Amino acid sequence: MKIAIIGAGFAGLASAKVLSQFGHEVTVFEKTPDVGGVWSATRRYPGLRTQNNKGTYCYTDFPMPASYPEWPSGEQVQQYLEDYARHFDLNGSIRLNTEVLSAEPKGDEGWRLRLRDVNTGGTMEHEADSLVVANGIFSKPFIPPYEGREAFEAAGGRLCATSDFHDVEEARGKHVLVVGYGKSSCDVAAAVGEVAMSTKVIARELLWKMPRKILNVLNYKYLMLTRMGEGLFPYIEQRGFERFLHGPGKGVRDGMIKSLQSVATRQLKLDKLGLVPEGTFDRIARSTVSLATDTLYRQVEQGRSEVARDCEIVRLGQEGGRPVADLSDGRRVPADIVICGTGFQQVVPFFSDALQQRLTDDEGNFMLYRQIHPLEVPNLFFCGYNSSFYSPLSAEVAALWIAAYLMGDIRLPALEERRAHVRKRLRWMQERTEGKHARGTNIIPFSMHNIDEMLNEMGLNVSAATRFKQWLLPSNAKDYRSVTRGLLKRQRMRSKSAERPAPDLRGRPAA
Ligand SMILES: Cc1cc2nc3c(=O)[nH]c(=O)nc-3n(C[C@H](O)[C@H](O)[C@H](O)COP(=O)(O)OP(=O)(O)OC[C@H]3O[C@@H](n4cnc5c(N)ncnc54)[C@H](O)[C@@H]3O)c2cc1C
Ligand SMILES: NC(=O)c1ccc[n+]([C@@H]2O[C@H](COP(=O)([O-])OP(=O)(O)OC[C@H]3O[C@@H](n4cnc5c(N)ncnc54)[C@H](OP(=O)(O)O)[C@@H]3O)[C@@H](O)[C@H]2O)c1
């Protein structure tokens, strides 16, 4: 098949590699000048590194170099992805600086894409049998529509997203506000805090954060990147040991969560700094489970930065020709730069409104079976819409699921059954996360459940012994090397049996 792929981040590259391994002719369209997506030089903020340790943030058959540290830098991850594209000979299939302006179905026959060369502005067309959307759920930043932005900018103020803030020197000697309390905001605030005249984090709600090293000793991967860590949070359906943890063993489970809460509170000195979030530590899994940016808490303790809690920017503006911001706590503060880590928009602007409506429910949530396959639009797949604790692995397994589907190897439930399944999950996600599920695309913390479900449907899950080991040890990507081999073997067997002449009516092979 001719397959077009939109995006060359982890998900797009995994799709390109897997689908070409299975004999498809792929073309990847990427609007930036480099591969990497989140890790591209065009999007990295100063100090960005992975939350995962390197063994859980890579593809199954391409480990990160031994020379990389436990938590690689943004630059190293981008280099890793370039190396991956070169190693698997993908560069000839990737068209950089090429934006997909529109993609429309040609009846049930495939897709027609309209493309724009970002350098020349020239447009062109491309046709494909199938389309994989891998445009990233954390790719297009959201910036609140602040009143007074024009006057603020006219006075020399800069309003930008964390993903558009690349050079910390820009903040030297300036007054900086960082909006939001997610990982992006806290990281950028910590970087800026080293050089700015003043740094304020404007957090409308504090969140619980996990220290990278618990008690400054134990790598958090042994707690959160294991099946046990995932099992601490109740999944939509519970089986085996999870049933125990959320039934008779609930006391043990609650005790573990409570210990984590008191360790995080003590280690980050949250009490002393007045930064204890509302509710219990359970709420860390409400949205993305982010790691704590230790430096930020140190800077707050030293009085070099401030976290304005339960606070928002009410309006931007100017006073005496200088840019300022009015805060909901009644203060007017100087604000040369306002950097928003206020999340991302999950959008597919290259689809018509009518097509977008067919892909989403009334609330705009993506209605995707297994987070991959739309219910009603044929020849279309999404990769990376199961953002998880192990996004590269989740994306690669999704790409393998697509390959298996195209081989005719996935037996889908009937349409109405799939619709009910997706609706039930979205309802559960909505309740569980208080609406913070990125329109149904962020499955954290249930990464391994999602991987199990895809692999079980393909009949290719890893051995029970490996899964058992993952209860106590981090689920490394390399544990899943065998899946591609298994599926390729199946494809070879199928093509061999297709070549074999059909048996005669008595069941004997034909002469
Ligand atoms: C700052 C940051 C750090 C993160 N760190 C981690 C982490 O440590 N661990 C973890 O598990 N997850 C992490 N995540 C989640 C992260 O989203 C994934 O890990 C992963 O990198 C996403 O890959 P992706 O390919 O799905 O999307 P992206 O990396 O966003 O790639 C999408 C690509 O599509 C391109 N594109 C979009 N629209 C078009 C178009 N119309 N035409 C052409 N190209 C287009 C974009 O330019 C982009 O290159 C992080 C997210 C962010 C924002
Ligand atoms: N590798 C890394 O170190 C790394 C770095 C960055 C990001 N990430 C990952 O990338 C994903 C996105 O993280 P993120 O930090 O960019 O975004 P995020 O987790 O979505 O956090 C957005 C923050 O902005 C706040 N916010 C949203 N809209 C707002 C508004 N209108 N006004 C004021 N505040 C607003 C949110 O507050 P509410 O909670 O009140 O909505 C939240 O604090 C996560 O999965 C994260 O783990 C990883």
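Please read all numbers here as calculations on a predicted model, not as lab measurements. In each ligand, atom 1 is the first atom listed, and ligand 1 is the first ligand listed.
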Min heavy-atom dist Thr98 to ligand 1 below 4.0 Å: yes
Nitrogen or oxygen of [X] less than 3.5 angstrom from that of ligand 2:
| X | answer |
| --- | --- |
| Lys183 | yes |
| Ser290 | no |
| Arg204 | yes |

Ligand 1 to Thr32 polar contact by distance, N or O atoms, under 3.5 Å: no
Ligand 1 to Asn52 polar contact by distance, N or O atoms, under 3.5 Å: yes
Side chain, backbone, both or neither: the part of Phe350 lying under 4.0 Å from ligand 1 by heavy atom: side chain
Region of Cys383 engaging ligand 1 - heavy atom pairs below 4.0 Å: neither
Shortest protein heavy-atom distance from [atom], along with the residue and atom involved:
| atom | result |
| --- | --- |
| atom 36 (N) of ligand 1 | Lys31 CE, 4.1 Å |
| atom 16 (C) of ligand 1 | Val38 CG2, 4.1 Å |
| atom 35 (C) of ligand 1 | Glu30 OE1, 3.3 Å |

Proximal ligand 1 atoms for Ser391, defined as those under 4.0 Å from one of its heavy atoms: 10 (C), 11 (O), 12 (N), 18 (C), 19 (O)
All side-chain contact (heavy atoms from CB on, under 4.5 Å) counterparts of Met429, not counting sequence neighbours: Leu426, His437, Ile443
Tell me if the aromatic rings of [X] and [Y] count as close, with their centers under 6.0 Å from one another.
| X | Y | answer |
| --- | --- | --- |
| Trp401 | Phe22 | no |
| Tyr57 | Phe10 | yes |
| Phe29 | His126 | yes |
| Tyr84 | Tyr59 | yes |

Selection from Phe10, Tyr57, Tyr390 by shortest heavy-atom distance to atom 19 (O) of ligand 1: Tyr57
For atom 42 (N) of ligand 1, the option (of Val100, Val289, Leu225) bearing the nearest heavy atom: Val100
Proximity flag Phe389 to ligand 2, non-hydrogen atoms under 4.0 Å: no
